[in-house]
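One structure follows; several queries about it will come next.
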Amino acid sequence: MSRRPFTPKVVTANELIDGDAVWLTALDSWSRDMAEAELIDDEAIAQDRLLFALSQPDVIVGAYLADAKASGNGAAPVHFREEFRARGPSNYLHGKQVGVKNHV
Amino acid sequence: MYKYNEFDENFVRERVAQFRGQVERRIDGSLTEDEFKPLRLMNGLYLQLHAYMLRVAIPYGTLNAAQMRQLAYLAERWDKGYGHFTTRQNIQYNWPKLKDVPDMLDALADVGMHAIQTSGNTIRNVTADHFAGAAADEIEDPRPVAELLRQWSTDHPEFQFLPRKFKIAVTGSSTDRAVTKAHDIGLRMVRNDAGEPGFEVIVGGGLGRTPMIGKVIRAFLPKADLLPYCEAIVSVYNLLGRRDNKYKARIKITVAENGLEKIRDLVEGRFNELRREFNGFDQELLENIEAQFAPPVFRKAPTLAFDAYRAANPAFRSWSDTNLADHHADGYAIVSVSIKKHGATPGDASADQMRVLADLAETYGHDEIRISHEQNVILPHVHKSDLAAVYEGLRDADLATANIGLVSDIIACPGMDYCALATARSIPIAQEIATRFDELKLEHEIGPLKIKISGCINACGHHHVGHIGILGLDRAGVENYQITLGGDGTETATVGERAGPGFSADEIVPAIERLIDAYLGIRASGDETFLQTYRRLGLAPFKAALYPEKEAANAA
Ligand code: SF4
């Protein structure tokens, strides 16, 4: 029996002060734009990056690994929950969909 | 109306000051999130999908104009210019910044409000009939009792770490407008044979994962025994309630697992002990509170202007047909202001709208406002001769939608547009259904119909007790909506029946339309409501309308 292939991941969290969804980039910074997230193909690295995120409790809250995929535009969500987090609510043009500065 | 006494005020201010320090320590890194989370939850602050959310208690749904203006001020100063009224008669702010929350809480304390016990395993905000103090069918205003319960439960040392959260609802009339049968304790005011007012005490109701209709533990409890009896229930639960499994921790499970008889015996036993300890101070307190809820001085005046305006203005006539309810005082009406404009987010009011509501309450409504669990705003005391002016004021603020109790007056929880626990969205479904039936111009023809939508099994949108309930789920990574039928949240409370397989986001609105078409085709007369037709004919004809392919396959 072969092991299930690893679904690529991103590290995501909420920014401490305003609670906005953010993603960990390959440059160790946090971006409010999911496309800039580091897409991680390897399970061990993913765990490692999550630990790195968890070591920053004064910057972010509630870091976790979310499934993601590559798109022409950078990292993209797989599940609809992550899609909403990456975009903002559907009833108003509020949150990141109205355009925000990208870096925390 | 009730004003904080000094103890309350000091207590609330002290809590804000403490929380200010905690927020500072969280931001400078000296508190971890694990340490901070229980502290913020105790102050009503949640972390949602896109931001923090502050839940502010509106005890028994009662506000005055100054408080409503302050809610508007918070919305404008620290949020995005609006607030969301919830099914627990709270208001939620969806976009506060962590560093601003202590200032928001201070601003709330300025008008005697707070966010305490809106979270955690405590006795939550006590909810009440939103027509309290006004309804024609009311025995007594239930709010003094609700306030007594609030004072008793706030920071009660024995009840800060219950097995699970605990919700109490109270209604002052035998007509249940407070969904008392879906609460941990429900109190429905009734009269005994001697004509004295007291309570039917209901225990163990609740929605969520395991919906249950509460059971009557005491058919008649004299008003004077209320506090010792409630304390007896909560202390029996505190001992017996399961702490090993979060899903089995609510009192509804305690009652189901131990049986009503055993719980009743324990409660009555404990009550007999407690009754002696209470020795009357609670009754003095209640008298004191009752004095503060003295009804306004109702005016005696002719109502001819109302009749004339009604005759002259069809839009006003339609609004007054749906949005007014009978008041106990001659010449008065209860105004339900719909916060459900077709296509808008159920329960969301802008700061401007809140200010208009405050002004109208002050000018025409004896300074009283209520929030309903159905996410609407009530002006409980309006003289009929002022209704035309109130209507025009509402209309100018886009608040005059004539749809109370109709298909577009939908309860919807925030769902996955905001809520971190959600499994699917609920707001867009409510928006689409309301928009669709507005286009069809059918809603007055359809008549009374309650649609309630929850974005997950926690059932904040009360879907189990909707005539049509919609539950949003995640089915293999796709939003899926399950329909329940025949639910009822009144004194004839019933949990709705699951209709069958769920529908995708694209299919759900047409499915609801088929259901309602079917109802219109099979109702016995124009007066038979959806719920009555459902009770008469059962699930079968509705199922056939929902799943026509199956029907065809069966026939083939
Ligand atoms: S029902 Fe679920 S999705 Fe809706 S508000 Fe409650 S917890 Fe959130």
Side-chain angles (χ1 to χ4, degrees), chain A residues 4 7-23 30-34 50-64 66-69 76-102 104, chain B residues 23 25-37 40 45-54 79-82 84 94-101 343-346 348 412 414-431 472 474 476-480 505:
Chain A
R4 270 173 67 202
T7 313
K9 299 279 188 291
V10 290
V11 177
T12 182
N14 292 75
E15 198 268 340
L16 175 63
I17 306 292
D18 61 21
D20 196 9
V22 290
W23 290 264
W30 291 94
S31 172
R32 292 171 193 266
D33 179 358
M34 183 175 180
L50 179 61
L51 283 177
F52 173 73
L54 292 170
S55 73
Q56 302 178 49
D58 51 341
V59 183
I60 49 101
V61 188
Y64 63 94
D67 289 353
K69 62 187 179 204
V78 172
H79 191 275
F80 60 87
R81 183 179 196 268
E82 294 303 314
E83 194 183 311
F84 301 149
R85 284 184 75 240
R87 186 180 65 212
S90 46
N91 60 331
Y92 300 115
L93 273 178
H94 284 164
K96 49 183 80 247
Q97 58 199 331
V98 282
V100 278
K101 62 170 176 38
N102 279 346
V104 174
Chain B
V23 168
R25 292 202 295 286
R26 176 68 186 100
I27 292 175
D28 73 19
S30 41
L31 281 178
T32 65
E33 184 60 19
D34 285 348
E35 291 163 332
F36 180 64
K37 187 175 174 187
R40 68 167 158 79
L45 187 63
Y46 287 72
L47 182 62
Q48 299 286 61
L49 288 179
H50 316 290
Y52 289 93
M53 178 271 280
L54 182 66
D79 205 274
K80 293 193 188 290
Y82 74 98
H84 175 74
N94 286 327
W95 302 94
K97 298 207 185 335
L98 179 58
K99 63 176 171 44
D100 294 334
V101 173
T345 303
D348 278 10
M416 206 183 273
D417 286 304
Y418 299 91
C419 180
L421 302 172
T423 43
R425 287 175 296 178
S426 27
I427 293 169
I429 305 301
Q431 292 174 305
D474 172 353
V478 182
E479 287 171 296
N480 186 273

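Side chains are part of it too, since the values below use all heavy atoms of this structure and drop only hydrogens, waters and symmetry mates. Note that this is a predicted model, so its numbers are computed, not measured. Lettering of chains follows the sequences in order, A, B, ..., and the numbering in each one begins at 1.
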Value rounded to 0.5 Å, distance of CE in B:Met416 from CZ in A:Phe80: 4.5 Å

Measure distances from B:Tyr82 to the heavy atoms of chain A and classify the residue's part below 4.5 Å as side chain, backbone, both or neither.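 Looking at B:Tyr82, just its side chain touches chain A.
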
B:Asp417 CG to A:His94 NE2 distance, which is reported to the nearest 0.5 Å: 12.0 Å

Chain B contact via A:Asp18 - which portion, at a heavy-atom distance below 4.5 Å: both

Top residue by heavy-atom pair count (under 4.5 Å) with chain A, among B:Ala422, B:Ala424, B:Ala344, B:Ala420?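 The answer is B:Ala420.
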
Counting only heavy atoms not in B:Lys37 (residues, nucleotides, ligands), do more than 12 fall under 6.0 Å from its NZ? no

Under 4.5 Å from a heavy atom of chain A, the part of B:Ser30 involved: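 Contact with chain A involves no heavy atom of B:Ser30 at all.
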
Say you draw a straight line from CD1 of A:Ile17 to CD1 of B:Ile27; how long is it, rounded to the nearest 0.5 Å? 3.5 Å

A:Ile60 versus chain B, heavy atoms under 4.5 Å apart: side chain, backbone, both or neither? backbone

Please classify the contact of B:Tyr418 with chain A as side chain, backbone, both or neither, using a heavy-atom distance under 4.5 Å.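 Side chain only.
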
Check whether B:Leu49 gets within reach of chain A through its side chain, its backbone, both or neither, counting any heavy atom under 4.5 Å.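 Both parts, backbone and side chain.
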
Between B:Ala476 and chain A, with a heavy-atom cut-off of 4.5 Å, which part of the residue counts as in contact: side chain, backbone, both or neither?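 Looking at B:Ala476, nothing touches chain A.
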
Relative to chain A, which of B:Lys99, B:Arg26, B:Lys97 shows the most heavy atom pairs under 4.5 Å? B:Arg26

Looking only at heavy atoms and a cut-off of under 4.5 Å, which of B:Gln431, B:Gln48, B:Arg425 has the most pairs with chain A?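 Greatest number of close heavy-atom pairs with chain A: B:Arg425.
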
Engaged part of B:Leu47 at the chain A interface, taking heavy atoms whose separation is under 4.5 Å: side chain

Distance-only side-chain donor-acceptor flag, A:His79 / B:Asp474, under 3.5 Å: yes

Residue from B:His50, B:Glu33, B:Met53 scoring the most non-hydrogen pairs under 4.5 Å with chain A is B:His50

Nearest non-hydrogen partners of A:Val61 and B:Tyr52, listed with the distance: CG2-OH, 3.8 Å

Under a 4.5 Å heavy-atom cut-off, does chain A meet the side chain of B:Val478, its backbone, both or neither?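 Just its backbone gets close to chain A.
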
